[in-house]
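Notes follow once the structure below has been shown.
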Amino acid sequence: MFINTTNSASESELTDEFRSYEDQIRRMLGLLDGQADGRFAYALWWLPDDAGWPDRPGYTDGGDHSLNYLQAGGAADRMAVDLQILEDGRLRHFVVGRPHDLGEPLTEQVRVAGHDHDVHPAEVFDADEATVLFSHYFEHPGTVPDGYVLRLLDLS
């Protein structure tokens with residue numbers, strides 16, 4: 001099962017009860033406004049069925065599963081997308097972008113929770129293109145579609 005997280009706080013199971021998974025993801029991304037008192041982040045992460053969920057046996061508050069996610073931060077018309085994966089006990093955090101020279105300066109900014117974050121122009125997405133990334137992640141957890149590049153962030 002997949003879990004939606006909004007603003008790193010509110011969690012719910014991603015369902016297709018009212019709209020398709022892709023339409024639900026697009027709706028959540030479309031609600032982002034980048035403001036600290038609004039919706040500034042949306043993340044999607046996978047939780048194995050045997051891990052449970054709050055009302056099911058075996059729930060462990062996400063455990064390490066919540067460390068692997070795809071996340072968008074910003075507003076519906078201007079967001080950055082991050083991929084975080086836990087490999088061999090080590091967290092790796094990337095900014096997703098279209099092909100570009102990873103050494104080029106970060107000349108654009110995306111506003112997340114009222115703060116500007118420096119990114120490359122090829123790393124700025126709108127909700128429609130971000131939906132493509134999230135839909136792929138839903139089908140292939142831990143990955144982004146071919147043709148996108150990952151810029152490793154040093155968070156130490």
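Remember, predicted model here, so these are calculated numbers, not experimental data. All heavy atoms count here, side chains included; hydrogens, waters and symmetry mates do not.
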Notebook entry, point to check: Has the side chain of Asp33 got a donor or acceptor atom that lies under 3.5 Å from a matching backbone atom of Gln35?
Noted result: yes
Next item on the list: Indicate, with yes or no, if Val124 and Leu133 share a hydrophobic cluster defined by side-chain heavy-atom contacts under 4.5 Å among Ile, Leu, Val, Met, Phe, Trp and Tyr.
Entry: no
Check: How long is the gap from CZ on Arg39 to OG1 on Thr6, to the nearest 0.5 Å?
Finding: 5.5 Å
Margin query: Would you say Val132 ends up clustered with Phe134 if hydrophobic residues are merged whenever their side chains have heavy atoms under 4.5 Å apart, either directly or through other cluster members?
Written below: no
Notebook entry, point to check: Can you check whether Asp16 reaches Gln24 side chain to side chain, under 4.5 Å on heavy atoms?
Noted result: no
Item checked: CG-CD distance between Leu29 and Glu129, expressed to the nearest 0.5 angstrom -> 11.5 Å
Notebook entry, point to check: For the atom pair CG (Leu153) and CG (Leu83), what is the distance rounded to the nearest 0.5 Å?
Noted result: 10.5 Å
Next item on the list: Drop me the distance from Ile25's CD1 to Thr131's OG1, to the nearest 0.5 angstrom.
Entry: 7.5 Å
Note to self: I'd like to know whether Phe138 forms a side chain to side chain contact (heavy atoms under 4.5 Å, CB included) with Leu14, so could you lay out the CA-CA distance, the side-chain angles of the two residues, the decisive distance to 0.1 Å, and finally the verdict.
What the structure shows: CA-CA 10 Å; Phe138 178 78; Leu14 178 66; 3.8 Å; yes
Next item on the list: Report the relative orientation of the aromatic rings in Phe125 and Tyr148; use parallel for angles under 30°, tilted for 30 to 60°, perpendicular for over 60°.
Entry: tilted
Notebook entry, point to check: Looking at Gly30 and Ala76, what are the two nearest heavy atoms and their distance?
Noted result: O-CB, 3.5 Å
Next item on the list: Determine the sole option in Leu44, Thr5, Asp82, Val112 for which the side chain to side chain contact (heavy atoms under 4.5 Å, CB included) test with Gln71 is passed.
Entry: Asp82
Check: Are Ile85 and Leu70 connected in the hydrophobic side-chain network, where two residues link if heavy atoms are under 4.5 Å apart?
Finding: yes
Note to self: Quick check: closest heavy atoms across Met79 and Ala72, and the distance to 0.1 Å?
What the structure shows: SD-CB, 3.7 Å
Margin query: Asp118: which residues meet the side chain to side chain donor-acceptor pair (under 3.5 Å) condition with it, sequence neighbours left out?
Written below: Gln109
Margin query: Closer than 3.5 angstrom, by distance alone: can the side chain of His120 be matched with the main-chain N or O of Ala122 as a donor-acceptor pair?
Written below: yes
Checklist line | Minimum side-chain heavy-atom gap Val149-Phe94 below 4.5 Å | finding: no
Check: Taking NZ, NE, NH1 and NH2 as the nitrogens, is one of them in Arg98 or Glu123 under 4.0 Å from a carboxylate oxygen of the other?
Finding: no
Next item on the list: Working to the nearest 0.5 Å, report the span between CG of Asp116 and CD of Glu108.
Entry: 11.0 Å
Next item on the list: Verify, without hydrogens or angle tests, whether Asn7 (side chain) and Phe40 (backbone) share a donor-acceptor contact under 3.5 angstrom.
Entry: yes
Item checked: Co-membership, hydrophobic cluster, residues Val119 and Val96, 4.5 Å side-chain -> no
Next item on the list: Determine, using the 4.5 Å side-chain heavy-atom cutoff (strictly less than), whether Leu152 and Leu150 are members of one ILVMFWY cluster.
Entry: yes
Notebook entry, point to check: Is any side-chain heavy atom of Ile3 closer than 4.5 Å to a side-chain heavy atom of Ser12?
Noted result: no
Item checked: Interatomic distance, His93 atom NE2 to Arg151 atom CZ [nearest 0.5 angstrom] -> 9.5 Å
Notebook entry, point to check: Quick one: do Asp126 and Arg78 make a salt bridge, cutoff under 4.0 Å?
Noted result: no
Notebook entry, point to check: If you take all heavy atoms of Ala36 and Ala113, which pair is closest and at what distance?
Noted result: CB-O, 3.4 Å
Item checked: Under 3.5 Å: donor-acceptor pair, side chain of Thr143, backbone of His140 -> yes
Next item on the list: Please work out which of the three classes, parallel, tilted or perpendicular, describes the rings of Phe2 and Tyr137, given edges at 30° and 60°.
Entry: perpendicular
